[in-house]
Amino acid sequence: MKALQTGMLLTGNHAAAWAARLARPQVVPVYPITPQTPILELLTEFHARGEFSAEILTPESEHSVLAACIPASLAGSRVFTATASQGLLLMHELLHYASGARAPIVMVNVNRTVASPWAFWPDQTDSLAQRDTGWIQFYTESAQESLDTVLHAFRLAEQVQLPVMVNHDAFYVSHALEPVQVPSQALVDGYLPPYDPAHRLDTALGSSWGNVVTQDMYYRHRQTVGEAMARALGVAQEADREWGALTGRSHGILERYRCDGARAVIVTLGSMCGTAREAVDAMREAGEAVGLLKLRLLRPLPVQALRVALEGVPDVVVLDRNHSPGLGGILHQELRGALYGLASPPRVHGFLTGVGGVNVSPDTIAAVVRGALQGVPQVESTWAR
């Protein structure tokens, strides 16, 4: 099966579009927005050439896009969409509705700055602001990882009946060309069977959705959403393991890089992981014991895996490409919460790096780590360039 792949030179957005094509969705509502538009453009090219049979809808806004996704999914269709930044914010109301409706929609979000001021650079505040909407969230580092993760996402969404958001950084991933192994349709069909839910909106079944419920019914429903999130951890790992057996590529829910014997470990999301690897390699060559922990899955947060991976590490340096006013770095605070209660917890240092898409070089990361090791951790995140 490993031979059933073709090497292509693709951007992250085009890799995501290829994954969507291979997943065989039946309904694809999308609204163009920079820097997500190339995903829609390539899908429409596939459609025009007769290579993609999904019904592509282009409603008047991103709010309407998700309003189209939800009933299509509840009717039993496999659904894909994509957005970015303000488009994701416009969907906010319906993000909650989709997860509450247990609609296994897969969406690619291209992480971009949110207004105002108006800008188009990589920043993860748009998706991190949605972390409590009940959507599973992945963050990918490369075009190859985005392609693979979209396919994992369909498996995961349809098994636990929750929507999944696959996030990659604007331009650094979305528009950067790199070699990508594109699996054959036969390989993907074997990995991702047709979606055939037992419960769906169908006049023959006599089911419905949207009735007003009692307090107790709502309470129990939220419990089931929480239980589905908890199951998602194991399902995500199994989907990744099976994909690894088929393709030779396994990404895990987190990745430890040169962490053995590390005096300090960098933790971050998305494309910054590639730059952090360069910094780690340079610091290791200089005799400094530094490692990287790449977090791929933010919701559900793999708390136990993080505690195991970072237990015994003296210092953890969190790099955030986002900013929550009044809080600081979102990943910084998530990690502090995950590690709370350890017998000997690491000192957690949080830095706002790359906010608004500013360049963060390996030298910058090395300087941030060295500075952190000389200081006392702060509850608030520190601005760093």
When you look at NE2 of His221, are more than 12 heavy atoms from neighbouring residues, nucleotides or ligands closer to it than 6.0 Å? yes
Heavy-atom side-chain contact between Thr353 and Asp320 under 4.5 Å: no
Polar side-chain atom of Ser61 near backbone of Ser64 as donor-acceptor pair, under 3.5 Å: yes
Would you say the side chains of Thr140 and Ser146 form a donor-acceptor pair under 3.5 Å? yes
Partner residues of Arg277 under the side chain to side chain donor-acceptor pair (under 3.5 Å) criterion, sequence neighbours left out: Glu141, Glu255
Salt-bridge criterion met for Arg21 and Glu51 (N-O under 4.0 Å): yes
Could you check whether Arg78 makes a cation-pi contact with Tyr195, meaning its NZ or CZ is under 6.0 Å from the centre of the six-membered ring and within 45° of the ring axis? no
Residue pair Thr364 / Ser361, side-chain donor-acceptor N/O under 3.5 Å: yes
Assess the residue pair His323 and Trp383 against the criterion (ring-ring contact (aromatic ring centres under 6.0 Å, His included)); give the C-alpha distance rounded to whole Å, side-chain angles, the decisive distance to 0.1 Å, and a yes or no. CA-CA 10 Å; His323 178 230; Trp383 288 93; 4.8 Å; yes
From Val160, Ile136, Thr224, residue fulfilling side chain to side chain contact (heavy atoms under 4.5 Å, CB included) relative to Met229: Ile136
Quick one: sort the Trp18 and Phe46 rings into parallel, tilted or perpendicular, breaks at 30° and 60°. perpendicular
Evaluate the side-chain proximity of Val150 to Phe80: yes if any heavy-atom separation is below 4.5 Å, no if none is. yes
Tell me if a side-chain donor or acceptor on Thr37 pairs with a main-chain N or O of Ile33 at a distance below 3.5 Å. yes
Distance-only polar pair, side chains of His332 and Ser381, donor-acceptor under 3.5 Å: yes
Distance-only side-chain donor-acceptor flag, Asn111 / Asp123, under 3.5 Å: no
Spatial distance of atom OG1 (Thr83) from atom NE2 (His63) [nearest 0.5 Å]: 12.5 Å
Residues Gln124 and Asp169: side-chain donor-acceptor under 3.5 angstrom: yes
Aromatic rings His92 and His96: how do their planes relate, parallel, tilted or perpendicular, breaks at 30° and 60°? perpendicular
Within 45 degrees of the axis of the six-membered ring of Tyr139 and under 6.0 Å from its centre: does Arg296 put its NZ or CZ there? no
Any donor-acceptor pair under 3.5 Å linking the side-chain atoms of Gln333 with those of Arg336? yes
Does Tyr218, at its OH atom, have more than 12 non-hydrogen atoms belonging to other residues, nucleotides or ligands within less than 6.0 Å? no
Is a donor from one side chain sitting under 3.5 angstrom from an acceptor on the other, for Ser85 and Asp126? no
In terms of side-chain heavy atoms, does Asp315 have a donor or acceptor partner in His349 at a distance below 3.5 Å? yes
Can you tell me if Gln215 and Arg220 form a side-chain donor-acceptor pair at under 3.5 Å? no
Asn322 and Gly328 have their tightest heavy-atom pair at OD1-O, 4.1 Å
What pair of heavy atoms forms the shortest contact from Ala276 to Leu292, and how long is it? CB-CD1, 3.9 Å
Residues sharing Trp135's hydrophobic cluster, by side-chain heavy-atom contacts under 4.5 Å among ILVMFWY, directly or via others? Val27, Tyr31, Leu57, Val65, Leu66, Ile70, Leu74, Val79, Leu88, Met91, Leu94, Leu95, Tyr97, Ile105, Met107, Met165, Leu201, Trp209
